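Side chains are part of it too, since the values below use all heavy atoms of this structure and drop only hydrogens, waters and symmetry mates. Protein chains get the first letters and strands the later ones, always in sequence-line order, with residue 1 at the start of each. Remember, predicted model here, so these are calculated numbers, not experimental data.
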Amino acid sequence: MFPSFCIAKASRRPRAGNTRHQLCSSPPPKWCIRKGWSLARCSSTCEVTPQESSVNLKVFESYFVEKVNSYLLKTAEAIPFFELYFFMLVSQLNTWLKNCLTVNQAKQIHAQILVNNLCSLEPRLVCQLVFSAFNFSPAVFQYVQGILWHLQKPDSFSWSCTIRYFSQHGQFKEAFILYAQMQRWGLCPSTFSISSALRACGRIGYKIGGISIHAQVNKYESCHNVYVQTALLDFYAKIGTVENAQRIFDEMDERNVVTWNSMLDGYLKYGDLALARQLFNEMPVKDIVSWNSMISGYARSRDMHRACSLFQQMPDKNLASWNAMISGFVDNGKIDLAQCYFDTMPQRNNISWITMISGYSKCGDVDSARNLFSLMQEKDQLAFNSMITCYAQNSRPKEAIQLFDEMLKANFNAQPDKMTFASVISSCSQLGDLRFGPWIESCVSRLGIEMDDHLVTALIDFYAKSGSVDKAYVLFHGLYKKDLVAYSAMILGFGLNGKVSAASELFEEMLGAQICPNSVTFTGILTAYNHAGLVEEGYQCFNSMKKYGLMPSTDHYGIMVDLLGRAGRLEEAYDLIASMPVKPHAGVWGALLLACRLHDNVKLGEVAARHCFNLEHDKTGYSSILANIYASNERWDDAKSLRKSVKHEGSAKMPGCSWIESG
DNA sequence: GTAGGGTTAG
């Protein structure tokens with residue numbers, strides 16, 4: 001509970017002769033107790049439940065009550081107690097602020113700040129709110145913004161702190177909005193609000209924002225400040241205009257190691273490794289960041305040899321150095337070496353674990369990923385996200401959703417965010433059950449997740465794959481920016497739902513919007529033609545892939561084989577498989593086998609089935625199709641002996657489970 | 001105060 005009574009600055013002089021107010025009358029009053037001497041509990045103004053107990057204040061409070069009662073008339077002795085109480089109250093509020101975790105708690109503490117007229121604590125509250133590790137939902141942002149707007153005294157420091165905190169906690173858009181608003185309040189931005197806002201613009205690639213700040217910087221004296229100049233340099237390096245970064249770098253009177261590092265990072269992002277290495281060699285002082293940046297630069301360009309060499313040469317290594325190496329091995333498909341470094345490193349943090357988990361996820365080793373995840377001591381939001389993503393991307397949607405449930409129950413440090421939902425929604429679309437729709441939407445609104453284009457695209461895929469293509473299209477229309485992924489999802493959605501003309505129109509629209517299709521887009525459009533049985537259009541589309549610099553994948557061949565096969569062009573389908581530059585997987589031969597079943601072709605059916613048998617351990621489905629082909633051709637003996645041999649191998653078909661019976 | 005290492009959608 002909050003302290004049982006309120007303290008406020010005396011707003012008017014108390015009436016003379018009233019002993020109750022004698023305490024405040026002389027010397028000139030500083031504070032008085034509003035609710036009288038009985039210290040009766042104020043109508044409970046607040047029910048904050050801070051993490052730390054308020055025992056000290058409570059102890060003091062009872063002591064105070066006792067003292068006040070016994071010294072009721074001895075004004076001079078009561079006042080020091082009273083002031084002390086006030087300071088304790090402030091310190092208690094500070095403690096609570098430190099532990100304030102939710103907007104609700106913040107609102108309650110804020111109410112107490114206002115009621116006690118302790119407005120000097122408001123900036124603290126703002127900073128604490130944004131500094132806390134809890135989720136930065138739009139509600140928090142709005143609340144913080146509200147406090148800043150209504151500060152009794154516009155305070156540049158609170159604004160700057162808030163901008164910096166938002167910028168440091170990945171809330172870049174918010175940081176920039178606050179930066180812009182700050183100036184509407186007539187506050188001159190400090191050098192560190194400028195650099196924070198620039199950082200925010202650089203991170204989200206908000207070019208206009210950063211360039212405006214650059215233009216504005218000249219208005220202030222800050223244009224010669226090394227931090228501001230470094231932030232500007234870094235901004236241009238991040239958005240990829242290295243020439244501008246270079247110009248700022250050249251014109252700087254004073255450079256520190258961060259300036260050099262930012263320039264180095266610019267070269268590395270730009271992909272000019274030789275220039276980066278030259279700068280690295282020229283640096284007057286290298287710190288650990290310089291070494292780490294250079295190592296990850298090499299790792300990103302798949303030069304693990306040079307990365308290793310630098311790693312061995314560097315005078316001091318920190319966690320980031322080891323993590324950069326692990327990440328490099330993971331990105332280069334060397335999970336064993338990554339594991340080796342992971343085992344060797346002197347200390348690990350969550351980044352090390354998460355890098356390994358995502359590494360195993362990328363190579364499809366879900367069990368190893370799960371094993372690492374379960375060994376993690378403190379699972380944070382990103383750890384849950386990486387494991388959920390691992391399940392989602394490795395076709396284990398049920399486990400993804402199960403883990404999401406655990407995450408909701410687990411703890412406060414791991415609240416789902418939009419990245420979590422991207423994978424959760426993806427899992428739901430794999431399950432293709434429309435009933436997940438309302439569940440997703442209620443979770444999203446309950447947790448205050450902002451629906452960005454990324455999430456909406458995942459939802460488009462979900463609704464399209466669950467059969468609600470109209471809803472998907474409505475969402476598609478509402479997208480802020482329709483990108484390649486969104487178009488591909490929608491085209492596939494139309495394709496799966498048999499809307500071939502809509503798919504092909506959308507494909508044209510996408511080309512008109514200068515968006516270059518990739519292999520997923522072609523999967524979508526080919527699926528559409530396949531569903532409609534449009535062989536010629538399919539062929540044309542398949543052949544046009546080269547025009548976009550794309551090699552048809554095994555999946556694309558599979559769709560074409562299916563399309564040709566269903567149309568009865570079995571020989572052609574077989575020739576297409578024979579012409580494949582890569583080895584066809586069982587899906588491709590399976591498509592031909594199915595087509596042979598459809599058209600009762602024993603000769604090709606046997607060939608296709610033989611390939612399927614060689615490629616897949618579980619032969620039951622394929623042999624069942626082949627047996628059916630035999631039966632249709634009245635080759636009862638062959639059908640019988642095939643079924644018998646499969647039974648003999650101990651993998652008898654589970655009754656009613658064959659995917660072919662329904663297909 | 002600035003910089004480096006990790007998790008999203010088709």
(request) Heavy atoms under 4.0 Å is the rule here; annotate nucleotides 5-10 of chain B 5' to 3' with B where the base is hit, S where only the sugar-phosphate is, and - elsewhere. (result) BBBBBB
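- Of the possible donor and acceptor atoms, none in the side chain of Asn497(A) sits under 3.5 Å from a partner among the backbone N and O of Lys499(A).
- With sequence neighbours left out, the side-chain hydrogen bond (donor to acceptor under 3.5 Å, both in side chains) criterion links Ser321(A) to Asn292(A), Asn318(A).
- Evaluation of the side-chain hydrogen bond (donor to acceptor under 3.5 Å, both in side chains) rule for Ser301(A) yields no partner, not counting sequence neighbours.
- Heavy atoms of Lys238(A) sit under 4.0 angstrom from primed sugar atoms or phosphate atoms, though from no base atom.
- Look at Arg199(A) and you'll find a side-chain N or O under 4.0 angstrom from OP1 or OP2 of dA3(B).
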Under 3.5 Å, side-chain donor or acceptor atoms of residues 196-206 of chain A against the rest of the protein: list the pairs with distances, not counting sequence neighbours.
from      : atom 1 : to        : atom 2 : distance (Å)
Ser196(A) : OG     : Phe192(A) : O      : 2.6
Arg199(A) : NH1    : Ser167(A) : O      : 2.5

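- Take Tyr360(A) and apply the ring-ring contact (aromatic ring centres under 6.0 Å, His included) test, not counting sequence neighbours, and it matches no residue.
- Regarding contacts with the backbone of dG4(B), a side-chain N or O of Arg203(A) is found under 4.0 angstrom from either OP1 or OP2.
- Across the protein-nucleic acid pair, Phe192(A) atom CZ and dA3(B) atom C1' stand 18 Å apart, rounded to whole Å.
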Show the atom names and distances, to 0.1 Å, of all donor-acceptor pairs under 3.5 Å that link a side chain in residues 455-462 of chain A to residues at least two apart or in another chain.
from      : atom 1 : to        : atom 2 : distance (Å)
Thr457(A) : OG1    : Asp453(A) : O      : 2.6
Asp461(A) : OD1    : Lys465(A) : NZ     : 3.1
Asp461(A) : OD2    : Ser429(A) : OG     : 3.1
Asp461(A) : OD2    : Lys465(A) : NZ     : 3.4

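- Between Met252(A) atom CE and dT2(B) atom P there is a gap of 15 Å when expressed in whole angstrom units.
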